[in-house]
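Here, residue 1 is the first one in the sequence, and each next residue gets the next number.
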Amino acid sequence: MKKLSILTAMVLILGIISAVPAAAVTFKPGFTLNSEAAVMINLDNEEIVFEQNSTKKMYPASLTKVVTAIVVLDNVDDLENTYFEAPLAVFDDLYNTGALTVGYSRGETISVKDLMYSMLIYSACESAGILAYNVGGGSIPNFVSMMNDKVREIGCVGTNFVNPHGLHDRDQYTNASDMAMIVKYALDNYPEFEEIACTSEYTLGATNYNENGWKVITHSNKMTNPASEYYYPYAKGIKTGTTDESGRNLISMAEKNGMRYLLVTMGSPLYDDDGYDSYGNFEDQIKLYDWAFDTLSYQQIVPSGQEITELQVKMGADKDFVRLVTAESSTMLWSDQIDVDKLKVTIDTSGYTDSDGAITAPVEQGQKLGTYKLSLNGEDIVTVDLVAQESIALSHWEYNLDKAKQFFGSVWFKAAVIIAVVLVAVYIGVVISANSGKKKRRIKKVRKSRKF
């Protein structure tokens, strides 16, 4: 069981990591947003290209309904042929709140498909409540618990829900980063979600109260409405959300010239300085999309095989230096407004060279001898390996000479010389001493021989 628990935890962690878009480098547009927080993701390479106050605590309003839709899709297999009855509890919950509704009534039996469309594109609060009540087993609080479990599974750390429709509650909060993660998860895992959330117009089907169907609804995102002054032909979906406390929130996607973006903006004011309705959320998104489409493109930041620097080579057979080149190319989404040549360059060969900054032969072509890093304003952009452009053989003559020098200069050699000198000195001393003794004995013998 312990091993199973560890394995399960690892799987969940990996799932969370894979759900988080990569942030290679974020760019700054040359304008100020009305919205307080924003996150923009390139959907082709899953990189965050722009963010502003992305982890600041915000109120989701009807962006909540995205999570409601995810939990429903987890629990209902057949949206079209599954029907839910609208209970009194849902209408009691919404009574006198001013919540936006599509017009369903207590006791009405509606397909889950129609409930999902009316909830996501029209932002109908009673549709969210009907779905939550039925999927939650007759308990909206139980469904809300399922919502919170789901966002934790996705990897959100700054989000909490207390209702399925998004009416304001101080304990219901999120941030732009978490919302981007949630929507990205929905787009990746539920084809039905994108189909529903990006529909511009939909006709609600028949119910037991309206046998022939009774209402055409349009998406609350004005950027998808050709008749709107905020129409943006490249945009579609996904969800709006507005309360007095949250301001105007918006999640959408846009595609142009093969480039696709997901954009979350939150906290745009409801009114301008004169007290008139303000739709800065739409203005922000149009400006951000235009900026991205006009200035961001895939560029080769580092070409493969580019000569960067050279290193001194000791004991090389035919050369005393080796050129270092980039091991691979690096192509990434980049802003036309930033000159690549002005990026900060860091070359690191530590760990590959001797203490004197040189390298000793032999050197193999393609051998890694360092790294090449580009950064912008302290943010790392790309790091590639530096490798030897060519092979350099070892000079055996220089090698042997170096070994000889090392030997003659070594402590052991010096110690051996000292020992040899000492031994010779001792030997000479012994010889001298021995010779001196013999001479004295000869003198004594001479003296003895002179006695008569």
Side-chain angles (χ1 to χ4, degrees), residues 61-144 146-147 163-167 186-187 190-228 236-242 251:
S62 285
L63 302 189
T64 298
K65 296 181 174 81
V66 172
V67 181
T68 301
I70 290 174
V71 176
V72 171
L73 290 169
D74 275 342
N75 290 275
V76 179
D77 294 329
D78 188 346
L79 303 184
E80 188 166 4
N81 295 306
T82 302
Y83 287 79
F84 289 156
E85 182 177 324
L88 175 61
V90 168
F91 300 95
D92 286 344
D93 181 48
L94 299 178
Y95 179 72
N96 207 30
T97 63
L100 179 65
T101 64
V102 75
Y104 289 128
S105 303
R106 173 192 175 188
E108 194 162 5
T109 302
I110 312 119
S111 73
V112 173
K113 179 180 177 181
D114 282 0
L115 289 169
M116 290 282 282
Y117 271 97
S118 57
M119 176 182 70
L120 287 176
I121 74 172
Y122 192 78
S123 206
C125 289
E126 88 272 36
S127 297
I130 295 166
L131 289 167
Y133 180 89
N134 285 275
V135 173
S139 169
I140 292 178
N142 182 53
F143 184 88
V144 171
M146 295 165 69
M147 293 171 66
N163 65 58
H165 40 62
L167 293 183
L187 293 171
Y190 310 98
E192 305 96 322
F193 175 82
E194 181 173 352
E195 179 182 348
I196 296 171
C198 294
T199 296
S200 297
E201 185 177 281
Y202 180 77
T203 301
L204 295 174
T207 71
N208 57 326
Y209 288 0
N210 295 278
E211 295 181 358
N212 298 318
W214 54 276
K215 193 169 188 177
V216 176
I217 56 176
T218 57
H219 207 294
S220 56
N221 181 359
K222 296 179 182 293
M223 294 167 64
T224 67
N225 183 355
S228 169
K236 58 181 182 179
I238 291 176
K239 192 71 197 76
T240 59
T242 304
I251 304 173

Can you check whether [X] reaches [Y] side chain to side chain, under 4.5 Å on heavy atoms?
X	Y	value
Asp114	Tyr202	yes
Asn134	Phe143	no
Lys236	Met223	no
Ser200	Thr218	no

If you compare all heavy atoms of [X] against all heavy atoms of [Y], which two are closest, and at what distance to 0.1 Å?
X	Y	value
Ala61	Gly241	CB-C, 3.6 Å
Ile140	Pro164	CG2-CD, 3.9 Å
Lys65	Ala124	CE-O, 3.6 Å

Worksheet entry | Name of the residue among Asp93, Thr64, Thr68 meeting side chain to side chain donor-acceptor pair (under 3.5 Å) with His165 |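 Per the side chain to side chain donor-acceptor pair (under 3.5 Å) rule, the option paired with His165 is Asp93, out of Asp93, Thr64, Thr68.
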Where the side chain of [X] meets the backbone of [Y], is there a donor-acceptor pair that is under 3.5 Å apart?
X	Y	value
Glu126	Phe91	no
Asn142	Met146	no
Glu108	Ser105	yes
His219	Ala197	yes
Ser139	Gly136	no
Thr207	Asn210	yes
Lys215	Val102	yes
Asn75	Val135	no

Worksheet entry | Asp92 atom CG, over 12 foreign heavy atoms within 6.0 Å |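 Above 12, so yes.
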Spatial distance of atom [atom1] ([X]) from atom [atom2] ([Y]) [nearest 0.5 Å]:
X	Y	atom1	atom2	answer
Glu80	Asp78	CD	CG	7.0 Å
Tyr117	Ser111	OH	OG	10.0 Å
Ile110	Leu131	CD1	CG	8.5 Å
Ile196	Leu79	CD1	CG	5.5 Å
Leu100	Ser62	CG	OG	7.5 Å
Thr101	Tyr122	OG1	OH	7.0 Å

Practice prompt. Go through the steps for Tyr190 and Asp74 under the test side chain to side chain contact (heavy atoms under 4.5 Å, CB included), then give the verdict.
Written response: CA-CA 9 Å; Tyr190 310 98; Asp74 275 342; 2.6 Å; yes
Worksheet item: Looking at Leu115, Val71, Val112, which hits side-chain contact (heavy atoms from CB on, under 4.5 Å) with Val76?
Response: Val112
Worksheet entry | Check: Ser123/Ser220 side-chain N/O donor and acceptor closer than 3.5 Å | no
Worksheet item: Cut-off 3.5 Å, side chains only: do Tyr83 and Asn208 have a donor facing an acceptor?
Response: no
Item to complete: Starting from the C-alpha separation in whole Å, work towards a yes-or-no answer on salt bridge (charged side-chain N to carboxylate O under 4.0 Å, His left out) for Arg106 and Glu85.
Response: CA-CA 8 Å; Arg106 173 192 175 188; Glu85 182 177 324; over 6 Å; no
Item to complete: Applying side chain to side chain contact (heavy atoms under 4.5 Å, CB included), run through Thr109 and Tyr209 and close with a yes or a no.
Response: CA-CA 8 Å; Thr109 302; Tyr209 288 0; over 6 Å; no
Item to complete: Show your working on side chain to side chain contact (heavy atoms under 4.5 Å, CB included) between Thr240 and Ile251 and close with a plain yes or no.
Response: CA-CA 6 Å; Thr240 59; Ile251 304 173; over 6 Å; no
Worksheet item: Given the rule in the side chain to side chain contact (heavy atoms under 4.5 Å, CB included) test, do Ile217 and Ile121 qualify, once you have shown the distances and angles that lead to the verdict?
Response: CA-CA 8 Å; Ile217 56 176; Ile121 74 172; 3.7 Å; yes
